[in-house]
**Q** 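Have a look at the structure that comes next, please.
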Amino acid sequence: MSQRFVADVGGTNIRLARVTESGVTDIKKYMCEEFASIDLAIAQYFSDMPEVSFSEGCIAIACPVLGDKVEMTNHSWAFSQNALKAQLKLDALFVINDFTAVAHSLPVLSSEQVVQVGEGTAIENGNIAVFGPGTGLGVEHITMTDSGWQTLDGEGGHVDFAPVDETDIVVWRHLQATFSRASAEEVMSGRGILNIYTALANHAKKPVEFNEPAQITEAALAGTCAIAEAALHQFCRIMGSFAGNLALNMATTGGIFIGGGIANRFPKFIKNSDFRARFEAKGQMKHYVKDIPTYLIAEPDHGLLGAAAYLNQNTAS
């Protein structure tokens, strides 16, 4: 029986699943570095599902998708959409930005699949924004139109990092000295946590003890390193300011959502942090954002669900 598949491709992992009437199933995850090209990774999934014949698919991938040629931002994979469709012997193949998929998941997520941070109430069919710190930083907007939900693609993760407090300025100076530019992705990603920690350690004239984001997060949550804890708190503050900027940009009365592979690892820490305070700290525009809700996406497969929703929308007869 012919089936449809979806893939969620980040800089580190590729997750694949089979699309069913009720969602997705048969989810498998592979490390991108184990495959020289994306077709080999997808072929491995097909091989692992020998009883299924796939005819249609949707790939959500962490990079701009502007034409036939797709080149990943944080990985070496590059491919032609037309050639990949032919290689995989598919009748239909859609390739979309990974945060286009994330955005399409939001209308199908239940209240049990998100965690609200702070106050605020969503307005039905209001504009929505989503961002996600992971290997990089994805950003997407979605708005209701006469023909249904429409995503607005962009590369918001690469906008300039705007410091708000003195600690932000310390981080900004470190980024300027290291990269000659301070972008949002360099503070809101896995390496962003490392950048913040390194900046604070250097500023305090303390040794840089950790070189992996997971080590910093673990030490912060355990309370075993004051610099690591300060770095994670600043990470949350920066996320709050960024989320507030997204709310101002597009009147996101439907809410701001946080996805990606990092933030949902420490939801309690975020809820107890200054995230929401920084979200609302918009001076005379505080009233504009204070009623807008902010959520963590707790559903680990939201990217696959969104890709499936996109595939269903575009293959509906």
Side-chain angles (χ1 to χ4, degrees), residues 3-29 38 42 45 54 56-65 70 72-73 81 92-115 122 125-145 147-157 243 246 250 252 254-264 294-316:
Q3 297 283 340
R4 295 177 300 158
F5 78 95
V6 288
D8 185 10
V9 187
T12 304
N13 302 311
I14 175 171
R15 295 163 58 82
L16 297 106
R18 181 167 61 89
V19 179
T20 68
E21 291 184 1
S22 59
V24 297
T25 188
D26 299 317
I27 298 171
K28 294 185 183 296
K29 182 173 77 171
I38 191 171
I42 298 173
Y45 182 72
F54 292 101
E56 297 176 337
C58 179
I59 299 171
I61 191 163
C63 65
V65 181
V70 178
M72 292 191 69
T73 306
Q81 294 187 49
L93 176 65
F94 300 91
V95 181
I96 60 177
N97 178 265
D98 58 337
F99 268 76
T100 300
V102 171
H104 274 279
S105 77
L106 303 180
V108 301
L109 292 178
S110 69
S111 58
E112 288 75 32
Q113 293 171 303
V114 298
V115 175
N125 292 339
N127 295 332
I128 296 171
V130 58
F131 69 100
T135 304
L137 175 64
V139 181
E140 190 80 9
H141 295 83
I142 187 166
T143 188
M144 177 57 75
T145 70
S147 57
W149 288 105
Q150 176 66 51
T151 56
L152 305 174
D153 294 345
E155 285 298 313
L246 293 180
M250 202 176 154
T252 57
I256 299 283
F257 290 76
I258 307 173
I262 293 177
N264 59 17
T294 47
Y295 306 95
L296 297 173
I297 301 174
E299 169 55 59
D301 300 319
H302 60 277
L304 292 173
L305 291 173
Y310 184 94
L311 184 61
N312 289 336
Q313 177 178 299
N314 286 276
T315 57

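These figures come from a predicted structure and were not determined experimentally.
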**Q** Does the Asn97 side chain pair with the main chain of Cys63, one donor and one acceptor, at a distance under 3.5 Å?
**A** yes
**Q** Carefully, step by step, assess Thr20 and Thr25 under the rule side chain to side chain donor-acceptor pair (under 3.5 Å).
**A** CA-CA 7 Å; Thr20 68; Thr25 188; over 6 Å; no
**Q** Check Val24 against Ala308 and note the closest heavy-atom contact, atom names and distance.
**A** CG1-CB, 3.9 Å
**Q** Tell me if a side-chain donor or acceptor on Thr315 pairs with a main-chain N or O of Leu311 at a distance below 3.5 Å.
**A** yes
**Q** Supply the atom-to-atom distance Ile14 CD1 to Ile61 CD1, rounded to the nearest 0.5 angstrom.
**A** 7.5 Å
**Q** How close do Pro64 and Thr73 get, counting heavy atoms only, and between which atoms?
**A** CD-OG1, 3.6 Å
**Q** Enter the distance from Leu152:CG to Thr143:OG1 here, rounded to the nearest 0.5 Å.
**A** 6.5 Å
**Q** Would you give the length of the straight line joining atom CG of Leu106 to atom CD1 of Ile297, rounded to the nearest 0.5 angstrom?
**A** 5.0 Å
**Q** Find out whether Leu296 and Asn264 are in side-chain contact, i.e. whether some heavy atom of one side chain is under 4.5 Å from a heavy atom of the other.
**A** no
**Q** Distance from His141 atom NE2 to Ile128 atom CD1, nearest 0.5 Å?
**A** 11.0 Å
**Q** How close do Gly260 and Phe99 get, counting heavy atoms only, and between which atoms?
**A** N-CZ, 4.4 Å
**Q** Do the non-hydrogen side-chain atoms of Lys28 and Leu16 ever get within less than 4.5 Å of each other?
**A** no
**Q** Any idea which heavy atoms bring Gly303 and Ala101 closest together, and the distance?
**A** O-CB, 3.7 Å
**Q** Before you tell me yes or no, could you show the steps for Asp153 and Thr100 under side-chain contact (heavy atoms from CB on, under 4.5 Å), namely the whole-Å CA-CA distance, both residues' side-chain angles and the distance that decides it to 0.1 Å?
**A** CA-CA 7 Å; Asp153 294 345; Thr100 300; 2.8 Å; yes
**Q** Could you give me the CA-CA distance, side-chain angles and deciding distance for Glu299 and Glu112, then say whether side-chain contact (heavy atoms from CB on, under 4.5 Å) is met?
**A** CA-CA 9 Å; Glu299 169 55 59; Glu112 288 75 32; over 6 Å; no
**Q** Quick one, Asn125 and Trp149 - any side-chain contact, counting heavy atoms below 4.5 Å?
**A** yes
**Q** Can you see which heavy atom on Ala62 is nearest to which on Gly10, and at what distance?
**A** CB-CA, 4.1 Å
**Q** With the side chain counted from C-beta on, respond yes when Phe131 and Leu137 share a heavy-atom pair under 4.5 Å apart, and no when they do not.
**A** yes
**Q** Got a donor-acceptor contact below 3.5 angstrom from the Asp26 side chain to the Ala17 backbone?
**A** no
**Q** Heavy atoms only: give me the nearest Ala103-Glu140 pair and the separation to one decimal.
**A** CB-CG, 3.6 Å
**Q** Do Arg18 and Ile27 make a side-chain contact, defined as non-hydrogen atoms from C-beta onward lying under 4.5 Å apart?
**A** no
**Q** Between atom CE of Met144 and atom CG of Asn127, what is the distance when rounded to the nearest 0.5 Å?
**A** 10.5 Å
**Q** Let me see the working for Ile256 and Val130 under side-chain contact (heavy atoms from CB on, under 4.5 Å), right down to the final yes or no.
**A** CA-CA 6 Å; Ile256 299 283; Val130 58; over 6 Å; no
**Q** Would you call Leu304 and Val6 a side-chain contact if the rule is heavy atoms closer than 4.5 Å?
**A** yes
**Q** Would you check if the side chain of Thr252 reaches a backbone N or O of Gly254 as a donor-acceptor pair within less than 3.5 Å?
**A** no
**Q** Are any non-hydrogen side-chain atoms of Asn314 and Phe94 less than 4.5 angstrom apart?
**A** yes
**Q** Once rounded to the nearest 0.5 Å, what's the spacing between atom CG of Leu93 and atom CD1 of Ile59?
**A** 4.5 Å
**Q** If you define the side chain from C-beta out and look only at heavy atoms, does anything of Val19 sit under 4.5 Å from Asn312?
**A** yes
**Q** In terms of the angle between their ring planes, are Tyr45 and Phe54 parallel, tilted or perpendicular, with boundaries placed at 30° and 60°?
**A** tilted
**Q** Which is it for Val139 and Glu155 under the side-chain contact (heavy atoms from CB on, under 4.5 Å) test, yes or no, and what are the steps along the way?
**A** CA-CA 7 Å; Val139 181; Glu155 285 298 313; over 6 Å; no
